[in-house]
Amino acid sequence: MPTTVNAGGRLDRLPIGSFHYRVMWLVGIGMFFDGFDIYAAGTVLGTTLKSGFSTLGQNAMFVSATFVGMMIGSFLTGFLGDRFGRRFTYQANLLLFGIASIAAAFAPNMMVLIALRFAIGIGLGAENVVGYSTLTEFVPARSRGRWLGFMAVFVVTGLPVASLLGYLVIPIFGWRAMFILGGLGALVVWHLRKRLPESPRWLETAGRTGEAEALLFEIEREAAGGTPLPAPAPAGPHLGDVSFGALFVPPLLSRMIVGCVCLIVINTLLYGFVTWLPTFFIKQGLSIATSFGYSLLMSLGAPVGAAIGAVTADGWGRKPIIIGASAVTIVLGLVYPWISDPVLLPIVGFALTIPIYVLVALLFGIYIPELFPTEVRLRASGICNTFGRGATIVTPFVVVSLFQAYGVSGVLNLMVGLLIVQILVVLLLGIEPRHKRLEELEPEGGGSGVVAPIQL
């Protein structure tokens, strides 16, 4: 029986209601525990180093194992999510992450912990790709930036929570308790997420129009609350099947370049500076307690920055905020190494953290998933994340070398150079998705790639 699916037009006309909040909370809480685990690494590694459980070189291996796992997870989930759906992938990756985290709490030595961290990394990399992309496909265009930005707030709230718990829990129960907390939380959310629906946009592009129609009927009935809904925007011309090869030829090639460069830069900022803060402080002679206290104060800038990104994305636009936040980070990054006053150090660090996490919200949460058509959204986002994670596999070793030779200033000079490259790429090649439906962002000829869609 013929259907009138038009999933994009029908979802974009819906008023924000209980359905959207349910999707955001269930996806968001799972991503919070992913963020918690990523940022808990900094507190854990500072303690393992101080206690002699690990060396500085092994800490670098631990972080690199995380990135290798995240790179593989990002790549695989892109293909699995476009082939088998969003729901399958976000449940599988959270289950893997939860089980591996609990196992890490019982690691007998650092090498076993590094191996388990690799497995955790696969789940972490997958969650970042599928979580943001899933919410992108449900939220109306008029408020998509704000909702995706607040999803990033869920993730980065894991930073101050991990710092606070590290400050309170590790001195009493040891670093292993941090893995237990993250793993148990992830498994609880995995159970709750069984209530999440599949993306109607994906169902439609996969040819499963009957399922898409039935799901849209239920969503519309809940959203309408017995009142008439406005007419949906017309579906527009169908571009044809968007092939995997279309990502590597114009017009999508320029978007792939933007996505890859931006995620390389932001990953290096996060994992070459932010997560290393406790270790930096300890190596500079501070106690574990003081190090965690400084890191906690600076980490409070993470949710503040992500929230700023969320509330400004729909008003100011994606490109101006990305370029502006990058410029502010450069200025503060040049000032920070020269601060020695024990009061000013965490305050300026707090100010530096804010624009970094504005970029986290804009790049991870909002901009990258918007760049690509639904048919290849997860594969494209997964490949961009793969480049971002892959480039930072070597970052821990570079960071250790720069820190030992030049101190914190050497690390921050690397970050400043990368931010300059990001500004130029976004300025010259980036598009502006503000207030545009996902279907409007599909470029003409977007389905003209010469390589057939990959089937698994």
Side-chain angles (χ1 to χ4, degrees), residues 30 33-77 92-128 158 161-163 165-167 169-190 267 270-272 274-280 282-283 288 291-292 386 389-390 392-400:
F33 281 105
D34 275 19
F36 170 85
D37 187 87
I38 291 172
Y39 298 122
T43 60
V44 166
L45 292 179
T47 306
T48 58
L49 181 67
K50 192 81 170 182
S51 66
F53 188 84
S54 68
T55 65
L56 197 59
Q58 287 176 325
N59 281 9
M61 291 176 62
F62 177 96
V63 178
S64 287
T66 306
F67 295 144
V68 173
M70 293 177 81
M71 181 180 69
I72 294 172
S74 298
F75 186 78
L76 290 178
T77 199
N93 72 67
L94 198 59
L95 182 62
L96 172 62
F97 158 67
I99 293 173
S101 292
I102 293 175
F106 301 96
N109 55 59
M110 192 61 184
M111 296 311 296
V112 172
L113 184 61
I114 290 170
L116 288 168
R117 188 63 177 177
F118 169 76
I120 293 171
I122 293 176
L124 294 174
E127 179 74 6
N128 271 282
V161 171
S163 297
L165 288 178
Y167 182 77
V169 171
I170 291 179
I172 300 173
F173 299 103
W175 57 265
R176 297 176 187 272
M178 299 295 285
F179 287 107
I180 293 176
L181 290 173
L184 288 178
L187 292 178
V188 170
V189 177
W190 172 82
N267 274 289
L270 289 176
Y271 306 117
V274 175
T275 60
W276 280 82
L277 284 172
T279 302
F280 289 158
I282 288 171
K283 295 299 287 186
I288 290 180
S291 169
F292 286 169
T386 299
R389 309 303 186 186
T392 53
I393 290 173
V394 299
T395 295
F397 302 99
V398 175
V399 165
V400 169

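Bear in mind the structure is a predicted one, so any value in this text is a computation, not a measurement.
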To the nearest 0.5 Å, how far apart are OG1 in Thr66 and CD1 in Ile114? 9.0 Å

Show the nearest heavy-atom pair for residues Gly125 and Ser74, with the distance to one decimal. O-OG, 3.4 Å

Note: Ala100 and Ala119 closest approach over all heavy atoms is CB-CB, 4.0 Å

Would you give the length of the straight line joining atom CZ of Phe67 to atom CG of Leu124, rounded to the nearest 0.5 angstrom? 10.5 Å

Please report the shortest heavy-atom distance between Leu116 and Ala107, naming the atom on each side. CD1-CB, 4.5 Å

Applying side chain to side chain contact (heavy atoms under 4.5 Å, CB included) to Leu165 and Phe36, what does each step give before you reach the verdict? CA-CA 10 Å; Leu165 288 178; Phe36 170 85; 3.6 Å; yes

Do Ser54 side-chain atoms and Asn59 backbone N/O form a donor-acceptor pair below 3.5 Å? no

For the residue pair Phe33 and Leu94, establish whether any side-chain heavy-atom pair is separated by less than 4.5 Å. no

Looking at CG of Leu181 and CD1 of Ile102, how far apart are the two atoms once the value is rounded to the nearest 0.5 Å? 10.5 Å

For Met178 and Ala40, the nearest pair of non-hydrogen atoms, with its separation, is CE-CB, 4.0 Å

Would you please test Leu113 and Trp175 for side chain to side chain contact (heavy atoms under 4.5 Å, CB included) and show each step? CA-CA 12 Å; Leu113 184 61; Trp175 57 265; 3.9 Å; yes

To the nearest 0.5 Å, what is the distance between CG (Leu184) and CZ (Phe179)? 13.5 Å

Does the side chain of Gln58 reach to within under 4.5 Å of the side chain of Phe53, using non-hydrogen atoms? no

Provide the full list of salt bridge (Lys or Arg N to Asp or Glu O under 4.0 Å) pairs with a residue in residues 37-49, sequence neighbours left out, each pair given once. Asp37-Arg117

Side chain to side chain contact (heavy atoms under 4.5 Å, CB included) evaluation trace for Leu56 with Leu49: CA-CA 7 Å; Leu56 197 59; Leu49 181 67; 4.1 Å; yes

Who passes side-chain hydrogen bond (donor to acceptor under 3.5 Å, both in side chains) against Asn267, sequence neighbours left out? Arg389

Minimum heavy-atom separation for Gly98 and Ala186, please, with both atom names. CA-CB, 3.9 Å

Nearest 0.5 Å, please: how far is CG in Leu76 from CD1 in Ile122? 7.5 Å

Say whether, by atom type as modelled, one donor and one acceptor occur between the side chain of Ser51 and the main chain of Thr47 under 3.5 angstrom. yes

Taking every heavy atom of Pro171 against every heavy atom of Gly166, the minimum-distance pair comes out as CD-O, 3.3 Å

